[in-house]
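One structure below.
Letters go in sequence order (proteins before strands), and every chain restarts at 1.
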Amino acid sequence: MHLAARIESIINVTSTTKVYRLGYRGPSPGPGQFFMVWIPRVGEIPLSTADYEDGELLLAITRRGRVTGYIHENLRVGDRIYLRGPYGKGFNLPRGGDKTLLVGGGAGAAPLLFLAETIRERGGRCDALLGFRSGDEAFFLEEFKRSCGSLFLATDDGSMGSRGAIPDVLRQILGERGYDAIYLCGPEPMMAEVADLVRGTGLRLEASLERYMRCGVGICGTCVLDPLGLRVCRDGPVFPLEVIVRIDGFGRWWRGFDSRKTPI
Amino acid sequence: MHLAARIESIINVTSTTKVYRLGYRGPSPGPGQFFMVWIPRVGEIPLSTADYEDGELLLAITRRGRVTGYIHENLRVGDRIYLRGPYGKGFNLPRGGDKTLLVGGGAGAAPLLFLAETIRERGGRCDALLGFRSGDEAFFLEEFKRSCGSLFLATDDGSMGSRGAIPDVLRQILGERGYDAIYLCGPEPMMAEVADLVRGTGLRLEASLERYMRCGVGICGTCVLDPLGLRVCRDGPVFPLEVIVRIDGFGRWWRGFDSRKTPI
Amino acid sequence: MLQVELAGLKLRNPLILASGILGSSASLALRVEEAGAGAYTTKTITRDPRPGYLNPSFIDLGIGYLNAIGLANPGIDDFAEELDLMKKAVRIPVILSVGGGSPEEYEYVVKIGAERGADAFELNLSCPHVKGMGAELGEDLDVALEIIRRARAASGGRPIFLKLSAHYNYLGLAEEALKAGISGFTAINTLRGLAIDVYARAPILSNVYGGYSGPPIKPVALRVVYELYENFGKVPIIGVGGVDSWVSALEMVLAGASAVGVGSAIAANGFEIFGEIIEGLRKYLETEGFRRITELVGLAHERSV
Amino acid sequence: MLQVELAGLKLRNPLILASGILGSSASLALRVEEAGAGAYTTKTITRDPRPGYLNPSFIDLGIGYLNAIGLANPGIDDFAEELDLMKKAVRIPVILSVGGGSPEEYEYVVKIGAERGADAFELNLSCPHVKGMGAELGEDLDVALEIIRRARAASGGRPIFLKLSAHYNYLGLAEEALKAGISGFTAINTLRGLAIDVYARAPILSNVYGGYSGPPIKPVALRVVYELYENFGKVPIIGVGGVDSWVSALEMVLAGASAVGVGSAIAANGFEIFGEIIEGLRKYLETEGFRRITELVGLAHERSV
Ligand SMILES: Cc1cc2nc3c(=O)[nH]c(=O)nc-3n(C[C@H](O)[C@H](O)[C@H](O)COP(=O)(O)OP(=O)(O)OC[C@H]3O[C@@H](n4cnc5c(N)ncnc54)[C@H](O)[C@@H]3O)c2cc1C
Ligand SMILES: Cc1cc2nc3c(=O)[nH]c(=O)nc-3n(C[C@H](O)[C@H](O)[C@H](O)COP(=O)(O)OP(=O)(O)OC[C@H]3O[C@@H](n4cnc5c(N)ncnc54)[C@H](O)[C@@H]3O)c2cc1C
Ligand SMILES: Cc1cc2nc3c(=O)[nH]c(=O)nc-3n(C[C@H](O)[C@H](O)[C@H](O)COP(=O)(O)O)c2cc1C
Ligand SMILES: Cc1cc2nc3c(=O)[nH]c(=O)nc-3n(C[C@H](O)[C@H](O)[C@H](O)COP(=O)(O)O)c2cc1C
Ligand code: FES
Ligand code: FES
């Protein structure tokens, strides 16, 4: 069953993303874990934990279509959102002493914020590289600044931070700073490029993937990664580099709700 | 579901009663609690805990009819008996310093033995008065002697102990010794007499009752005591004097399996 | 706040003791009333006495229960006296559950029940484990309708509920039963089930098959209640099956039940279950801003966002 | 020790992955084989692709699960390729579960499946939540028999199992299906159920109704398997419904199942469930003095003491 969680505040962080703070009294999520979020009579979608502390759960929801659109337009403070979860295997925290970089593109910043907070709380340190289409789509910058050492920023149109895509900026940073571990989340083509970049360098990399999901608990098969037989909802959504590079069509196609391959 | 318990030993204590020692790994029973005992393809009957310690459960089974007869004739060491329970509210142990007498008639000795052992283990003391039709129907005498201070014995034919029924002997003992508490189990007409005897004396009395039983957990209503609405399986089988004296037809009739009143 | 009206019966709250649970004696009826129930259903009574099946006739499965009591009862002639006592003992409505092997038997039991002041009747056409009774009669539409007609004629105008099984075409039966003048539905009876012990290598119940009850049957019960409400709108429904908390009671109400039966939950929760549910419903109404439980009946059927 | 033969299929052990559970890709088939299963059933495949129902399409009820995936599948033409991959990936038998809205559709899917080497077929006449498919077809005897006949003709002689629902007259259907040449039965599919959220005051599944699975449906599944065995003796039965341990697998076998389907248990127990059941069955056979699991099939039916 779902747990009803009240919306305590809503912040419009960009024109396409809103951040919802919920009063939540279920099992504590770890960074990288997600929830199946139900809006009665509308739909249910997977959303990452953007942050969590003491019964306060943060969701960063980027408008994409039917359900996210409904949430943006109709839900107000005091309304309820229904959650089941937390589900999945989240990020493995960096080992003590690891030089760590979080790399997030667009809505992919959400799960990384929770990771950054967690690393800091455990006394660790990390840098972050965030990429957005343009400056007014950027969000969570203050939060990342608070939790991270350095924050690198890239926008496609150069309206904020460096101009360029994440992989371009990353190539540069990697050369300058000797990172041990990279945590990655964002659009899959970008993640595929980053994985290519990192491959063979000996760097540890973990990435959080997205797939169509139904059950969330590993029995329906909707979210399977071929040819590995791994389920994003249960074996993931976070997978190491070694897994990612073996995924059929990574960055190019998914299975749709009818299991047929559809381009991303 | 039932728990399978192996018969580890069988002792023919009299021509009508056998004592079965079982290896039992379920929840620990307290004195006065009972089990529903299932013999596959034969039947299921309630039986009291005659003793229990560390996974060893003692049942004293007196042959009465179909199921007890089958058990006596067909079950051997190594066979399995199936139990659900322990059920019911058992005896309240005597308060420290209470002078305590256990009064058991026939098969009613069984639950009292466990009570005697428990009292002794807790550092208490009690006497016992046991009644049987004749000396060769008497059982558990050694066991009671070990656990009790004095053991009084009565047989209808005088072949062992005093000649007479339990109430006769009890009247005498009560006069001689100043008991505070009596624990009672046996044929209901005898218990009714004892209750009459004790009534108004200020003595605490608890008695373990028998009724037809089906569910054992208090929902079918088979074992109800009128006009109190008490269920022997769940509110009992042990009840205090104040309850017993208010039971309709106590010592005279029960409800049968079709709920009609039938003489005891 | 919690009062409901059910085909003319006035209940102080929607909780009804389900049939076959502690339904055999006036002393139990009193205890159930004291525990807080809004109405009391007797065990199913037949014309002739029935000893029921041999033990084992009940199993605690860990999740849920299986029983094959076998409609054990003293027969209506003997039970008539108990019914008198029940009517004297309690002020909540007493619903006489009626069983039998033929329309004549049902008629006879209803007639005696009406004479002795039963406040309403529940026709058990749904017991899943007794041959020639219960669900088997519910499967034969002609017999079922004959039972309803005769029961109506004998009932002295008191409400009659039809207790349905999830096993047969209950929507078809319900539709015809309404035409035949039934006042409402009770849904559901137990599901037909079986349990086996792997060491005994045998079915546990002496009758092999039994009726499955308790929380595990709730999704099925909710489905039947929801469908009945969807099809027959305002006809009163007593929702039964797996109710063990205010939450599950409320689920029944939202699905369309005007009243809610509580049965096996008493095994796990004791008589206290009535008070707990009532307390929970009260709090819910208050915090969610409803004035009466009746506002919630069938509310889950509203589809618009 | 654990080998079984099932209508000609040789299984290394009696555990079969149930349909609709991780049944969509060769990579999952391989993982299921590695986990120890004796055979693999694909999700139900129809002629045309189906996107299935919107989310929520699955609920974890705490006890058991409710799903209304809606027979989502890529359609047999697309799935044919996956079937090729499955046959290459695993050595255990691959059973193609077949669905559709008409006898012609079933026939088409079986034909393609036979060409691509499916080792057996399971006709899903029992999905409880898809209109015009599944259980609704099973209720119409003529349509059901037409489906069986056409499937047989298209099957290339490979075994065909009929997957039954507990909701309709399965014994009647089973009897006729045997005459029409079915090789065995799979019992049961999910039960039709419903769940409501008391704060949302709405049904949870987008489809309102869904299929109930997991341990709570086991007593019902055991009942159906037991009845099938009682009526049709040696016809192979795949017992499915709530199996989540070696004990429940064994209960199915004792009730009469020659093989045992494992479905939702994977949610709670992971792929390890196959190994755990196998290990448990082995130990049981050893300590109880049996040489083969086949000795236990239907053993609970022996009545003498
Ligand atoms: C593990 C995971 C974590 C995610 N975390 C976030 C996050 O923190 N913030 C965020 O903004 N987005 C996140 N997403 C993506 C988010 O789930 C989709 O944007 C959302 O499902 C789109 O729904 P829609 O109805 O608005 O879009 P539409 O394109 O209209 O989708 C139509 C329908 O398809 C379904 N659907 C679409 N995408 C998915 C999907 N990936 N899984 C299941 N169903 C889907 C829904 O039922 C939806 O109603 C995450 C996705 C996954 C898999
Ligand atoms: C709480 C309790 C504790 C008991 N403890 C003991 C004990 O420790 N030792 C002992 O020898 N006896 C005890 N009895 C009595 C014992 O249960 C009966 O002697 C036994 O049930 C008789 O079964 P039968 O088949 O041998 O007799 P029959 O007379 O052939 O009985 C026929 C059937 O009736 C049923 N039946 C008979 N009596 C009862 C009953 N009281 N409750 C339920 N079903 C019954 C059984 O299903 C039985 O198969 C106890 C009874 C109760 C209620
Ligand atoms: C021990 C027991 C006896 C029952 N006897 C009857 C009966 O006599 N008549 C009847 O209509 N239903 C009978 N039922 C069914 C209940 O009334 C109820 O429909 C069913 O148990 C589901 O509700 P629950 O899950 O709350 O128990 C019985 C149920 C149990 C558990
Ligand atoms: C998520 C899910 C999807 C299912 N899909 C199908 C299906 O496509 N075809 C089918 O015949 N049965 C399907 N079933 C039913 C299962 O095969 C099985 O009969 C049922 O779940 C009972 O077994 P279980 O309790 O072990 O899960 C599905 C069950 C679940 C839980
Ligand atoms: S969403 Fe069902 S297996 Fe992942
Ligand atoms: S035996 Fe069922 S209530 Fe006591």
Side-chain angles (χ1 to χ4, degrees), chain A residues 1-6 26 35-47 65-67 70 79-85 87 89 211-231 233-235 243 246-248 254-262, chain D residues 18 20-32 34 42-43 45 48-62 65-75 78-79 82 85 89 195-206 213 263-268 270-271:
Chain A
M1 304 292 286
H2 296 80
L3 215 84
R6 287 253 194 224
F35 290 87
M36 294 299 286
V37 175
W38 173 45
I39 311 301
R41 300 182 170 92
V42 180
E44 188 192 47
I45 56 171
L47 291 171
R66 208 169 49 78
V67 179
Y70 181 90
D79 286 347
R80 291 186 177 111
I81 281 185
Y82 298 79
L83 309 168
R84 57 186 177 97
Y87 288 135
K89 231 190 95 301
R211 282 296 179 274
Y212 283 107
M213 285 186 184
R214 281 197 180 89
C215 72
V217 299
I219 67 170
C220 74
T222 308
C223 65
V224 64
L225 300 175
D226 291 310
L228 308 164
L230 294 170
R231 300 152 302 174
C233 70
R234 177 113 170 211
D235 302 307
V243 165
R246 289 169 57 212
I247 297 170
D248 257 10
W254 284 359
R255 284 177 186 271
F257 274 128
D258 60 7
S259 288
R260 285 189 294 181
K261 295 172 183 174
T262 42
Chain D
I21 315 294
L22 303 178
S24 50
S25 99
S27 63
L28 289 167
L30 180 60
R31 232 180 134 184
V32 168
E34 284 169 357
T42 69
K43 60 162 47 176
I45 304 296
D48 306 320
R50 290 176 53 88
Y53 298 130
L54 289 180
N55 283 341
S57 54
F58 179 91
I59 316 172
D60 183 343
L61 297 168
Y65 308 92
L66 216 52
N67 88 79
I69 305 289
L71 296 183
N73 80 91
D78 186 282
F79 191 75
E82 198 71 44
L85 294 175
I196 286 176
D197 185 280
V198 296
Y199 291 108
R201 295 185 272 279
I204 300 173
L205 294 173
S206 74
S213 66
S264 351
I266 293 174
F271 285 101

- Query: In terms of side-chain geometry, is the basic nitrogen of A:Arg80 or D:Asp197 positioned less than 4.0 Å from the acidic oxygen of its partner?
  - Reply: no

- Message: Taking side chain as everything from C-beta outward and backbone as N, CA, C, O, which of these in D:Tyr65 sits under 4.5 Å from a heavy atom of chain A? Side chain, backbone, both or neither.
- Response: neither

- Against chain A, label D:Ile196 side chain, backbone, both or neither, depending on which of its atoms sit under 4.5 Å from a heavy atom there. backbone

- Task: Check step by step if side chain to side chain contact (heavy atoms under 4.5 Å, CB included) holds for D:Lys43 and A:Ser259.
- Result: CA-CA 11 Å; D:Lys43 60 162 47 176; A:Ser259 288; 3.7 Å; yes

Please check: side-chain N/O of [X] versus main-chain N/O of [Y], any donor-acceptor pairing under 3.5 Å?
X        : Y        : result
A:Arg260 : D:Pro51  : no
D:Asn55  : A:Met213 : yes
D:Ser27  : A:Gly229 : yes

Could you have a look at [options] and say which one has the most heavy-atom pairs with chain A under 4.5 angstrom?
options                    : answer
D:Asn67, D:Leu85, D:Ile21  : D:Ile21
D:Pro49, D:Ser206, D:Gly52 : D:Pro49
D:Gly70, D:Ala268, D:Ser24 : D:Ser24

Looking at every heavy atom in both [X] and [Y], which two are closest together, and how far apart are they?
X        : Y        : answer
D:Pro56  : A:Trp38  : CG-CD1, 3.2 Å
A:Arg214 : D:Ser57  : CD-OG, 3.4 Å
D:Arg50  : A:Asp258 : O-CB, 3.2 Å
A:Tyr82  : D:Tyr199 : OH-C, 3.2 Å

Any heavy-atom pair between the side chains of [Y] and [X] that's under 4.5 Å?
X        : Y        : value
A:Arg255 : D:Ser25  : yes
A:Met1   : D:Leu61  : yes
A:Glu44  : D:Ile204 : no
A:Ile219 : D:Ser264 : yes
A:Asp235 : D:Arg31  : yes

Option that, when pairs with chain D are counted at under 4.5 Å, heavy atom only, ranks first among [options]:
options                                : answer
A:Cys215, A:Gly218, A:Pro227           : A:Cys215
A:Asp226, A:Leu228, A:Thr222, A:Val217 : A:Asp226
A:Lys261, A:Arg231, A:Arg84            : A:Arg231

- Query: When rounded to the nearest 0.5 angstrom, what is the spacing between CD1 in D:Ile59 and NE2 in A:His2?
  - Reply: 7.0 Å

- Separation between CG of D:Asp60 and CE of A:Met36, rounded to the nearest 0.5 Å: 12.5 Å

- Non-hydrogen atoms of chain D under 4.5 Å away: do they reach the side chain of A:Leu230, the backbone, both or neither? both

- Message: Show, in sequence, the C-alpha distance, side-chain angles and deciding distance for A:Cys220 and D:Ile69, and conclude whether the side chain to side chain contact (heavy atoms under 4.5 Å, CB included) test is met.
- Response: CA-CA 8 Å; A:Cys220 74; D:Ile69 305 289; 4.2 Å; yes

